[in-house]
Amino acid sequence: SLNTYKNNTAECYFELGNKVNNQKKYAEAKEYYSKAYQKCTGGYKNEAKFKENLEKASKDIKNAEASEINRSGLTAWKESNYELAKTKFTEALNHSTPDHADKKLFEGNIEHAEAAIYNREADQLFKQNNFEAAVAKYQQAIETCPKDRTDSLNTYKNNLASTFNQMGMDHLTKEKFAEAKKLFDLAINGSTKNNEKLNSFTENLRKASDGINNNNAEIFYNEGKIVW
């Protein structure tokens with residue numbers, strides 16, 4: 001009968017759709033599933049399955065496009081164009097379906113790009129000797145960066161530590177030893193274990209501590225508490 005012919009044809013389209021879908025050719029799969037759904041008769045036993053696969057193919061197309069957009073964001077990231085990278089990662093997230101397997105990855109990429117932007121802004125502030133503003137930006141970078149992006153996170157922590165150290169050096173040259181010591185402590189405690197500047201921070205802390213001790217000794221001497 002005509003209905004049997006239509007449904008058999010629909011099954012053929014459905015099988016062709018499955019074949020190209022397994023090859024991740026989602027646009028072709030969608031076309032075949034659409035033909036299967038349109039060709040079968042109303043109430044046919046596999047009508048719902050044809051429709052389900054058609055809808056899934058549509059989602060797969062969107063998600064494949066989202067993944068491609070994300071890859072363009074990664075390219076921008078490698079070129080240090082973090083603003084464009086963030087734009088692309090956001091576009092990828094918005095384009096994807098709620099159940100996309102890489103949705104969390106896209107979200108992490110957005111945060112990673114935001115953190116890189118904060119870090120670069122902090123670098124510029126540091127070069128301008130605007131250390132307090134740089135500290136705030138480095139802290140934003142650390143707070144925003146996903147915890148699993150350890151290389152970037154460690155870089156931002158060490159950048160913040162270097163800023164505290166520089167602020168400490170400024171106080172040290174002015175013989176404000178107590179203020180300098182606090183800043184050197186922050187630099188040391190905020191550094192990663194493999195920070196190549198850690199020994200320098202520790203030496204600066206020693207100088208500040210010596211300055212405090214010498215000041216205290218002078219005070220005691222002037223008050224007559226030490227007999228030399």
Side-chain angles (χ1 to χ4, degrees), residues 59-60 62-172 179-202 204-205 208:
K59 286 184 178 181
D60 288 339
K62 283 181 65 67
N63 289 335
E65 290 170 347
S67 295
E68 185 61 33
I69 296 169
N70 181 70
R71 281 190 287 272
S72 69
L74 294 174
T75 298
W77 172 274
K78 291 177 182 178
E79 297 171 352
S80 299
N81 191 341
Y82 303 124
E83 289 82 1
L84 178 59
K86 179 185 174 183
T87 297
K88 289 298 181 182
F89 295 145
T90 303
E91 186 180 343
L93 178 64
N94 292 336
H95 192 77
S96 64
T97 61
D99 57 351
H100 193 301
D102 288 335
K103 185 174 182 179
K104 290 293 183 183
L105 175 65
F106 299 162
E107 291 172 345
N109 286 347
I110 294 170
E111 293 173 349
H112 198 197
E114 287 178 345
I117 292 169
Y118 288 136
N119 180 73
R120 186 164 59 192
E121 291 173 350
D123 288 344
Q124 292 300 318
L125 291 165
F126 183 94
K127 291 175 183 177
Q128 296 164 10
N129 295 329
N130 191 347
F131 300 124
E132 290 187 2
V135 164
K137 286 293 182 181
Y138 283 133
Q139 288 174 333
Q140 280 185 292
I142 292 167
E143 291 167 3
T144 305
C145 187
K147 298 301 178 279
D148 60 344
R149 313 295 172 95
T150 53
D151 287 346
S152 295
L153 190 58
N154 288 342
T155 295
Y156 306 154
K157 287 180 177 179
N158 289 334
N159 287 347
L160 176 60
S162 292
T163 308
F164 283 134
N165 179 72
Q166 186 59 52
M167 294 170 73
M169 289 298 296
D170 288 350
H171 283 83
L172 193 63
E179 293 89 341
K181 182 178 182 298
K182 291 178 182 178
L183 289 161
F184 293 140
D185 278 330
L186 288 172
I188 292 169
N189 293 331
S191 293
T192 60
K193 292 180 180 179
N194 62 346
N195 187 353
E196 59 185 17
K197 297 180 180 179
L198 196 54
N199 288 338
S200 176
F201 298 166
T202 303
N204 290 340
L205 176 62

Going by ring pair (Phe, Tyr, Trp, His ring centres under 6.0 Å), name the pairs with one or both residues in residues 139-172, residues two or more places apart or in two chains.
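Qualifying pairs, neighbours excluded: none.
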Say you draw a straight line from [atom1] of [X] to [atom2] of [Y]; how long is it, rounded to the nearest 0.5 Å?
X: Tyr82; Y: Phe89; atom1: OH; atom2: CZ; result: 10.5 Å
X: Thr144; Y: Leu153; atom1: OG1; atom2: CG; result: 10.5 Å
X: Thr192; Y: Lys197; atom1: OG1; atom2: NZ; result: 11.5 Å
X: Thr90; Y: His95; atom1: OG1; atom2: NE2; result: 14.5 Å
X: Leu183; Y: Ile188; atom1: CG; atom2: CD1; result: 11.5 Å
X: Lys86; Y: Glu111; atom1: NZ; atom2: CD; result: 10.5 Å

Any residue meeting ring-ring contact (aromatic ring centres under 6.0 Å, His included) with His100, in chain and number order, not counting sequence neighbours
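Result, ring-ring contact (aromatic ring centres under 6.0 Å, His included) vs His100: Phe106.
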### Query
With Thr163, which of Asp123, Leu125, Leu186, Val135 fulfils side chain to side chain contact (heavy atoms under 4.5 Å, CB included)?
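The passing option is Val135.
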Within a 6.0 Å radius of atom NZ on Lys78, are there more than 12 heavy atoms belonging to other residues, nucleotides or ligands?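 No, the 6.0 Å shell around NZ holds no more than 12 heavy atoms from other groups.
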Review point. Got a sec: does the NZ of Lys62 have more than 12 other heavy atoms crowding it under 6.0 Å?
Key: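 Count over threshold, so yes.
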Counting C-beta onward and ignoring hydrogens, is there a side-chain heavy-atom pair between [X] and [Y] closer than 4.5 Å?
X: Lys193; Y: Asn195; answer: no
X: Trp77; Y: His112; answer: yes
X: Phe184; Y: Thr202; answer: no
X: Asn119; Y: Lys137; answer: no
X: Asn159; Y: Phe126; answer: no
X: Thr155; Y: Arg149; answer: no

Side chains of Asp102 and Asn70: donor-acceptor distance under 3.5 Å anywhere?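 No, no side-chain donor-acceptor contact under 3.5 Å.
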With sequence neighbours excluded, what pairs up with Glu68 under the side chain to side chain contact (heavy atoms under 4.5 Å, CB included) test?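 With neighbours one apart ignored, the set is Arg71.
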